[in-house]
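What follows is a short report on a single structure.
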Amino acid sequence: MSESCQLAAEDSRVVIAVDLDYFYAQCEEVRDLSIKNKPVVICVFSGRSEDSGAVSTANYIARSLGVKSGIPIRLAKRILREDSTAVFLPMDIEYYRIVSERIMEIIQSKGRKFEQTSIDEAYLDVTTEAGADYERAEMVGRSIKEGILTSEKMACSIGIGKNKLVAKMAVDSHKPNGFTVFSPGKVRSFLDPLPVGKLFGIGPKTEEKLRAMGIALVSELAKANPKTLSDHFGKNLGPTLREIANGEDNSPVVEKPIEQFSRIITLKKDAQTFDFKDVLAPLSSDLSEKLSSSNLNCKSIGIIAITNQLKIKTRSRTIPFPTQSGDEILKIASELFFAFFDEEKSVDGLKIRRAGIRIADLSPITTPKSGTLEDFV
DNA sequence: AATACCGGCGAGT
DNA sequence: TCATACTCGCCGGTATT
């Protein structure tokens with residue numbers, strides 16, 4: 001191999017990140033073209049009262065007016081009260097899933113190493129296809145963008161880089177309808193001047209902790225004393241923080257098996273206790289159905305309680321025999337809630353706002369082929 | 001000492 | 001009351017072996 005082909009090992013991959021723009025709201029725009037030039041707000045109504053709940057996402061017209069993910073629906077309506085064209089729609093997750101599945105197939109068809117990380121995001125490692133050649137990787141990226149636009153009439157943003165982290169930083173840097181390439185040589189110059197909070201994986205808490213240590217910029221984090229970082233963030237997270245500041249990420253593009261899932265609902269009213277069966281039975285049966293349709297058992301069953309102070313409390317139990325039974329899940333969850341309330345009953349004013357069930361420690365159900373005893377020998 | 005389990009926290013879509 | 005519904009990962013403490 002000639003000298004000019006030599007690459008640092010860490011620079012030898014090419015990864016494409018695909019992000020579907022304002023996905024839920026765009027799904028609704030495509031379903032009803034007449035709302036495309038209006039503010040569109042996708043709402044999760046909690047059902048406690050008129051317009052209680054939160055905004056899941058909003059299109060860019062709504063965002064430009066200050067409506068963003070997570071704000072109360074009532075606040076969004078207040079912000080848009082003078083815009084009679086504004087559209088508020090309940091989240092239709094089933095529909096978005098169907099659209100997502102079709103789009104993910106398009107992305108997956110463009111490369112052999114594919115990883116979907118959420119309903120609207122995916123990575124493609126095109127090292128094999130592009131031979132670490134960024135021009136060829138760009139062509140793959142363009143063809144993904146065109147494919148999604150042609151077959152689903154949907155805009156997306158594309159980011160290309162030497163690993164998932166850099167591709168993600170690239171895609172996030174230009175949205176919506178972006179197409180951004182951070183070639184290996186350009187990574188430092190892009191990352192260095194950013195505040196650390198802009199790095200994927202560093203949120204408000206970590207940013208504030210770093211700031212208190214005198215580290216505000218990525219360039220500073222990139223050279224920070226490893227010992228100091230480990231002392232403050234632990235032996236795993238500490239080194240990782242320095243790595244992401246340097247644009248390093250060895251994690252492969254691979255489809256990961258699901259590790260856990262949960263169902264949670266908002267109670268009609270905050271309560272010190274509630275009718276376990278009424279609230280938990282639907283959650284249990286949903287979870288049981290999902291286990292069953294995925295041919296999985298779970299060995300860990302847990303509860304989630306969100307208090308009136310919006311603090312998250314959890315309890316969980318490992319059971320001796322894996323199960324997918326809705327009745328079993330309901331029974332354990334009820335016991336955990338009962339014990340939780342018993343434990344917390346002395347806490348003054350503690351009430352539960354939302355209640356949920358989580359299952360984890362999943363294992364595939366091995367269904368032995370009928371009549372082939374030899375398989376067990 | 002190594003591993004499992006548990007509850008809290010943080011980050012992200 | 002204004003504050004959804006998820007998933008993933010790490011941390012530290014404690015229990016188990």
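Worth knowing before you read on, the calculation uses all heavy atoms, side chains too, and leaves out hydrogens, waters and symmetry mates. Naming: A, B, ... by sequence-line order, numbering from 1 per chain.
- Protein chain A touches strand DNA chain C; the 5'-most and 3'-most nucleotides with an atom under 4.0 angstrom of its non-hydrogen atoms are dT1(C) to dC11(C).
- Between P195(A) and E207(A), the closest side-chain pair of non-hydrogen atoms falls below 4.5 Å.
- Heavy atoms of T266(A) sit under 4.0 angstrom from primed sugar atoms or phosphate atoms, though from no base atom.
- No hydrogens or angles considered: nothing links the side chains of D327(A) and S325(A) as a donor-acceptor pair under 3.5 Å.
- Closest-nucleotide positions on DNA chain B for E344(A) and K299(A) were compared, and the one nearer the 5' end corresponds to K299(A).
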If pairs are Watson-Crick or G-U with both distances under 3.5 Å, what is the dot-bracket string of DNA chain C, marking crossing pairs with [ ] and pairs to another strand with |? ....|||||||||||||

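- Residue whose closest nucleotide on DNA chain C sits further toward the 5' end, between I258(A) and G238(A): I258(A).
- Distances shown here put every side-chain N or O of T57(A) at or beyond 4.0 Å from the OP1 or OP2 atom of dT13(B).
- Comparing N308(A) and S56(A) against DNA chain C, the residue whose closest nucleotide sits nearer the 5' end is N308(A).
- In summary, E335(A) and K331(A) engage in a salt bridge, as defined by a charged side-chain N under 4.0 Å from a carboxylate O.
- Between the side chains of N177(A) and K145(A), at least one donor-acceptor pair of N or O atoms lies under 3.5 Å.
- At the phosphate of dG10(B), neither OP1 nor OP2 sits under 4.0 Å from any side-chain N or O atom of T206(A).
- Taking the ring axis of F340(A) as reference, the NZ or CZ atom of K313(A) does not stay both within 45° of it and closer than 6.0 Å to the ring centre.
- D51(A) comes within 4.0 angstrom of nothing in the nucleic acid, heavy atoms only.
- Base contact: R48(A) has a heavy atom under 4.0 Å from a base atom.
- Between R112(A) and E129(A) there is a salt bridge, since at least one side-chain N of the basic residue sits less than 4.0 Å from a carboxylate O of the acidic one.
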ring-ring contact (aromatic ring centres under 6.0 Å, His included) assessment of Y22(A) paired with Y24(A): CA-CA 6 Å; Y22(A) 62 102; Y24(A) 296 174; over 10 Å; no

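- Counting non-hydrogen atoms under 4.0 angstrom, F200(A) reaches the backbone sugars and phosphates but no base.
- Among the protein residues, K290(A) comes within range of the sugar-phosphate backbone only, with heavy atoms under 4.0 Å from sugar or phosphate atoms but none that close to a base.
- Of the two residues near DNA chain B, R358(A) and R317(A), the one whose nearest nucleotide lies more 5' is R317(A).
- Distances shorter than 4.0 Å separate some side-chain N or O of T318(A) from OP1 or OP2 on dC6(B).
- Side-chain contact annotation: D21(A) with S157(A), donor-acceptor N/O pair under 3.5 Å present.
- Remark: aromatic rings of F276(A) and F274(A) are close, center separation under 6.0 Å.
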